[in-house]
Amino acid sequence: MKRDSGYSTMAAHQEQEEKLWVAVKMSALVLGSALLIFTALMNSVPWCMQKIWDSSGYFWQTTWLKLYYLFDGREWSLFLFGAALVPSLAFWCFNGILMVADVTGKPTFITRYRIQLGKNDPVDIQKLRQAIYTALFNQFFVSFPMLVPMFYVMKWWGNTFSKELPTFQWFLVELSIFTLIEEILFYYSHRLAHVPLLYKHIHKKHHEWTAPIGVVSIYAHPLEHIFSNTLPVMTGPMLMGSHVVSITVWFSLALITTSISHCGYHLPFLPSPEFHDFHHLKFNQCYGVLGVLDYLHGTDDVFRQSKAYERHRVLLSLTPLSKSIPDIPKRAG
């Protein structure tokens, strides 16, 4: 019996070593590919995108200078406008449309794309009100105060409030790096939040919504909002010393994409929300943003065997994926 136990222990160790080696090789492949992409972006961009930028570059540069002089070059005012006001307006305008659909069930052009059929149809008004209050609290009393130290970091870099906008090529490189940093920081902070003690006292609040809606993207305990929602998005620009316009675009994109991930609707021509919706449904799957680290760590195994995985793509038609790829009917009894 002892010999059998020893063999099984050795086999388990070998299996763990093999998994670790596979993960290391896949990580090297991902990071190496990312480095090649960044290098390519530094030297060239797609011809059509470059032509668009060349033709509109003067417009954007002129618009930025007008805004700069409108604020008399006051850096704090420019930073608040770009890093707080514009992203917040983008968030609430986008979610305002979604909340109308959540509450009224109209327009059907939105509600027919519901992922979890029969859920939030309509949404519980009391729960929605609480989600809005919490989201506003997190924005005004957590996110906005965090912009103060960020402002001084950006001033130290010295490039954030330049009168000259960054090139389109450089912005694409920055966007790629921001996304990679967010994936790493969000994945590991999110998995940490699922440790039983932290989940019970902090992360459970966010998971009150097993069928999420857009505004729930920032419905969280203040500590979670700091370490999982805000810092992963802020860190990239602080490390890169980015221009305030790049920060504005990045923050706006981050808030809209996380709203899409939580919205509960798989809408045409928008990024698929199936991945994170599945996380709210199952709790222990799909912790990241892009899914790269979930694949490396095997935290998407159940998701990959589900119908949600088959539907996890950009919808390029007007037929809801719940109809073209329906769930398997449950057996009676």
Side-chain angles (χ1 to χ4, degrees), residues 84-140 142-144 179 182 186 190 203 205-222 224-225 228-230 232-233 249-283 286-291 308 311-315 320-322:
L85 181 60
V86 173
S88 295
L89 285 174
F91 176 84
W92 287 108
C93 287
F94 183 74
N95 278 287
I97 297 170
L98 292 176
M99 283 189 284
V100 170
D102 294 331
V103 172
T104 67
K106 296 178 181 179
T108 54
F109 176 75
I110 292 178
T111 57
R112 68 195 296 257
Y113 296 102
R114 193 183 306 279
I115 296 172
Q116 296 188 41
L117 301 178
K119 302 288 184 66
N120 296 325
D121 189 15
V123 70
D124 185 303
I125 298 297
Q126 185 60 38
K127 283 185 68 179
L128 175 61
R129 187 180 293 117
Q130 182 60 40
I132 293 172
Y133 290 160
T134 302
L136 287 170
F137 177 89
N138 282 337
Q139 279 193 320
F140 281 97
V142 180
S143 294
F144 290 174
T179 303
E182 183 194 20
F186 180 76
H190 190 189
H203 191 48
K205 183 180 184 69
H206 184 68
H207 274 282
E208 290 171 4
W209 292 78
T210 55
I213 60 173
V215 74
V216 169
S217 55
I218 57 174
Y219 174 75
H221 188 284
E224 178 182 353
H225 190 64
S228 279
N229 293 347
T230 308
V233 176
V249 175
W250 166 239
F251 280 9
S252 300
L253 283 175
L255 282 169
I256 290 174
T257 53
T258 191
S259 296
I260 292 172
S261 294
H262 287 85
C263 74
Y265 304 108
H266 195 144
L267 298 168
F269 313 113
L270 292 181
S272 167
E274 300 281 352
F275 188 77
H276 195 73
D277 195 272
F278 194 81
H279 173 75
H280 276 262
L281 186 64
K282 299 296 183 181
F283 294 92
C286 308
Y287 295 99
V289 178
L290 302 175
R311 295 190 286 259
H312 186 44
R313 60 174 189 250
V314 176
L315 176 58
L321 286 170
S322 59

Compare all side-chain heavy atoms of [X] with those of [Y] and state whether any distance is below 4.5 angstrom.
X      : Y      : value
Thr111 : Asp121 : no
Gln130 : Lys127 : no
Leu270 : Tyr265 : no
Leu128 : Asp102 : no
Phe283 : Thr210 : yes
His225 : Ser143 : yes
Trp209 : Asn120 : yes
Pro212 : Asp277 : yes

Does atom CZ of Phe140 have more than 12 heavy-atom neighbours, drawn from other residues, nucleotides or ligands, at distances under 6.0 Å?
no
Quick check: closest heavy atoms across [X] and [Y], and the distance to 0.1 Å?
X      : Y      : answer
Ile110 : Ala101 : CG2-CB, 3.8 Å
Phe275 : Gly291 : CZ-CA, 3.6 Å
Asn229 : Ala220 : ND2-CB, 4.0 Å

Step by step, would you call Leu315 with Leu267 a side-chain contact (heavy atoms from CB on, under 4.5 Å)?
CA-CA 7 Å; Leu315 176 58; Leu267 298 168; over 6 Å; no
I need the [X] [atom1] to [Y] [atom2] distance, nearest 0.5 Å.
X      : Y      : atom1 : atom2 : result
Leu255 : Ile260 : CG    : CD1   : 11.5 Å
Lys205 : Thr134 : NZ    : OG1   : 4.0 Å
Thr230 : Phe251 : OG1   : CZ    : 8.5 Å
Thr108 : Arg114 : OG1   : CZ    : 11.5 Å

What orientation do His276 and His190 show, parallel under 30°, tilted 30 to 60°, or perpendicular over 60°?
tilted
Might you work through the side-chain contact (heavy atoms from CB on, under 4.5 Å) test for Leu98 and Ile213, ending with a clear yes or no?
CA-CA 8 Å; Leu98 292 176; Ile213 60 173; over 6 Å; no
Keeping the roles fixed (side chain from [X], backbone from [Y]), state whether a donor-acceptor pair exists under 3.5 Å.
X      : Y      : value
Asn95  : Ser259 : no
Arg311 : Ser322 : no
Thr257 : Ala254 : yes
His312 : Ala308 : no

Residues in side-chain hydrogen bond (donor to acceptor under 3.5 Å, both in side chains) with Gln139, at least two apart?
Trp92
His279-His206 aromatic ring centre distance below 6.0 Å:
no
Pairing residues for His266 by the ring-ring contact (aromatic ring centres under 6.0 Å, His included) criterion, not counting sequence neighbours:
none
Tell me, with the steps shown, if Phe94 and Val215 meet side-chain contact (heavy atoms from CB on, under 4.5 Å).
CA-CA 9 Å; Phe94 183 74; Val215 74; over 6 Å; no
Taking side chain to side chain donor-acceptor pair (under 3.5 Å) as the cut-off, I'd like each qualifying pair that reaches into residues 213-222, sequence neighbours left out, listed once.
Glu208-Tyr219
Positive for side chain to side chain contact (heavy atoms under 4.5 Å, CB included) with Ile115, one of Pro273, Cys263, Ser272:
Pro273
